[in-house]
Number of protein chains: 2
Amino acid sequence: MNAKDRRVTALSLALAERRVIHLKEAAALLNVSEMTVRRDVAENPDLFGYLGAHIIPARGPEIEAPYTVDRAAESHSIAKRQASIQALRYLQPDEAVFIDCGTTLIHFVDLIPADMRLTVVCYAFNTAERLIAKQNITLVMLGGVYHPASATFAGARDTDMLNAMGLNVAFLSASGVDRQRGASCEQFHEAPIKRKAMDMAQRRYLVCDSSKIGRVRPAYFADVSAFDAIITETGPLPMDAAGWNSGPATE
Amino acid sequence: MNAKDRRVTALSLALAERRVIHLKEAAALLNVSEMTVRRDVAENPDLFGYLGAHIIPARGPEIEAPYTVDRAAESHSIAKRQASIQALRYLQPDEAVFIDCGTTLIHFVDLIPADMRLTVVCYAFNTAERLIAKQNITLVMLGGVYHPASATFAGARDTDMLNAMGLNVAFLSASGVDRQRGASCEQFHEAPIKRKAMDMAQRRYLVCDSSKIGRVRPAYFADVSAFDAIITETGPLPMDAAGWNSGPATE
DNA sequence: CACAGTATGTTAGAAATCTTACATACTGCT
DNA sequence: AGCAGTATGTAAGATTTCTAACATACTGTG
């Protein structure tokens with residue numbers, strides 16, 4: 001039983017450093033047969049998982065549910081990505097950029113070319129996670145207490161930090177945009193950060209899919225006139241044209 | 001070319017939501033043959049990667065280098081984990097805890113029981129990443145500019161943030177501990193944060209494997225007397241006993 | 001419309017991974 | 001030492017995944 005424990009520990013250890021390890025590699029590492037490693041893995045489903053012949057740390061639930069086109073359509077993923085593609089045209093190399101939280105701007109981050117040099121400020125964990133992977137980006141993170149609902153950090157000192165920065169552009173997200181009632185989001189703690197970022201930036205763009213137009217959400221953070229442009233999947237909205245949010249919200 | 005682009009986009013989209021997707025599933029999702037998906041993936045190595053028949057987002061370099069026992073021994077992984085196990089005895093539920101950066105304390109975080117309620121302050125990305133996954137932990141992150149070398153954030157306002165907190169314990173790491181020259185680390189920007197955390201905490205523990213004893217690294221941050229205990233893989237060092245760091249550094 | 005070039009599908013065989021069953025080695029206990 | 005139970009290794013066959021080659025369909029251009 002003792003040797004087995006040692007192997008399991010060593011495997012956990014190896015997985016802590018690398019994200020995956022091939023069955024064959026693990027067998028070599030532990031000086032046992034592949035079959036033994038298989039058995040070790042099988043006996044500790046709470047520690048290890050499989051992806052083909054690759055051992056990975058125990059997987060979260062994410063892998064389970066099959067990804068369907070329906071679910072994707074429901075969440076407007078395609079529209080969000082399209083909006084991000086449109087917004088990308090407003091991003092210049094070598095600028096200092098604020099990137100807001102939310103799934104829409106996750107797409108935006110993914111779309112930033114690998115060779116574009118930028119300084120990016122963010123306060124969402126999943127945004128930061130992807131920015132870190134990009135070599136040419138200097139990342140500045142606003143700290144604070146973690147809010148799982150939006151995967152963001154928010155706290156006392158974040159606006160101070162922004163004060164010390166010169167921002168060229170701010171890309172904002174919103175879950176509601178109404179001509180009269182302005183841009184709004186779900187979480188109240190996000191609003192002050194959004195506002196501060198908008199204050200500091202030379203240019204301000206709101207990026208969202210058109211399903212958000214006409215909606216109002218609990219936390220107001222800016223009038224529509226505060227943005228240089230509101231960018232949806234079809235490009236910037238004509239700000240001056242009457243009735244751009246006259247249609248019903250298509251949730 | 002257009003249909004292909006749409007597929008690539010849809011695949012990226014799916015991967016953004018789920019971490020992996022099976023080749024077969026992707027083929028069904030996109031309504032094309034597996035072979036076509038394979039070709040799509042092969043043509044976009046900067047976007048996609050493979051893990052067996054599973055498509056994953058473009059992998060970082062981590063997967064490449066084979067993990068060897070040598071490297072593991074070199075990095076003292078086992079000792080680090082042992083030290084963390086020892087340190088875990090000093091962690092009480094419902095406390096406010098500071099956790100330092102570094103691989104040693106990554107093990108420490110991994111070892112925190114899933115049901116332990118804590119408030120944790122950290123400033124390293126990989127530490128935060130693991131803490132977020134724990135349901136019963138309230139995470140406070142110190143922000144700032146990202147330093148890839150240590151995966152930490154550091155900046156102007158982080159110490160302010162700590163000022164506003166009451167900390168029960170601080171778990172510190174060091175890459176050098178010398179009885180005369182104190183505790184030191186590689187990165188200068190870490191030192192002020194470590195010091196501030198130590199100032200704020202009621203109890204201070206240094207956690208490191210014994211290979212660090214007797215070493216001196218560039219960035220000094222505290223005398224050994226500043227710690228309530230120095231914990232290595234064999235438990236707390238006898239602080240009063242003479243000569244605990246008289247031996248040669250066994251790198 | 002004919003053509004060149006590209007895109008996609010299909011298939012067969014090679015290579016890998018997975019499962020199962022059985023043989024052998026080890027451990028702790030009396 | 002002898003025994004029961006566990007742990008590990010080996011190997012064959014089933015299954016899945018990978019590769020390469022060829023066939024067919026589609027696209028835009030002159």
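In this text the structure is predicted, and so the values were computed from the model without any measurement. So that the names make sense, note that chain A is the first sequence line, chain B the second, and so on, each numbered from 1. Computed over heavy atoms, backbone and side chain alike; hydrogens, waters and symmetry mates excluded.
Separating the CG atom of A/D5 from the P atom of C/dC26 is a distance of 19 Å, rounded to the nearest angstrom. The separation between B/E25 atom CD and D/dT17 atom P is 12 Å, rounded to whole Å. To the nearest angstrom, P of D/dT8 lies 11 Å from CG of A/L30. Distance, B/R7 CZ to C/dT8 P: 4 Å, rounded to whole Å. Spacing between atom NE2 of A/H22 and atom C1' of D/dT17 amounts to 12 Å, rounded to whole angstrom units. Rounding to whole angstrom units, CD of residue A/E34 and P of D/dA11 are separated by 13 Å. At whole-Å resolution of the value, CG in A/D40 and P in D/dT6 are 16 Å apart. Taking atom OH of residue A/Y50 and atom P of nucleotide D/dT16, one finds them 17 Å apart after rounding to whole Å.
B/K212 and B/S175 are not linked by any side-chain donor-acceptor pair at a separation below 3.5 angstrom, with hydrogens and angles left out of the test.
For A/M35 and A/E43, each mapped to the nucleotide of DNA chain D holding its nearest heavy atom, the one lying further toward the 5' end belongs to A/E43. The residue among A/L23 and A/R39 whose nearest nucleotide of DNA chain C lies closer to the 5′ end is A/L23.
Considering A/D115, A/L118, A/I112 as possible partners of A/K134, the one that fulfils the side chain to side chain contact (heavy atoms under 4.5 Å, CB included) test is A/I112.
For B/A53, counting side-chain heavy atoms from C-beta on, the closest listed nucleotide (D/dG9, D/dT19, D/dC18) is D/dC18. Listed candidates were C/dT17, D/dT19, D/dT8. Nearest to the side chain of B/R38 is D/dT19.
A tilted orientation is assigned to the rings of A/Y146 and A/F153, their planes being inclined by 30° to 60°.
Among the atoms of the strands shown, none is found under 4.0 Å from any heavy atom of A/H54.
A close approach under 4.0 Å does not occur between any side-chain nitrogen or oxygen of B/K4 and OP1 or OP2 of C/dT6. Contact annotation: A/T36 does not reach the phosphate of D/dT8 (side-chain N/O to OP1 or OP2, under 4.0 Å).
Nearest heavy-atom pair across A/N136 and A/A114 is ND2-O, 2.9 Å.
Looking at B/E233 and B/K80, no side-chain N of the basic residue comes within less than 4.0 Å of a carboxylate O on the acidic one, giving no salt bridge.
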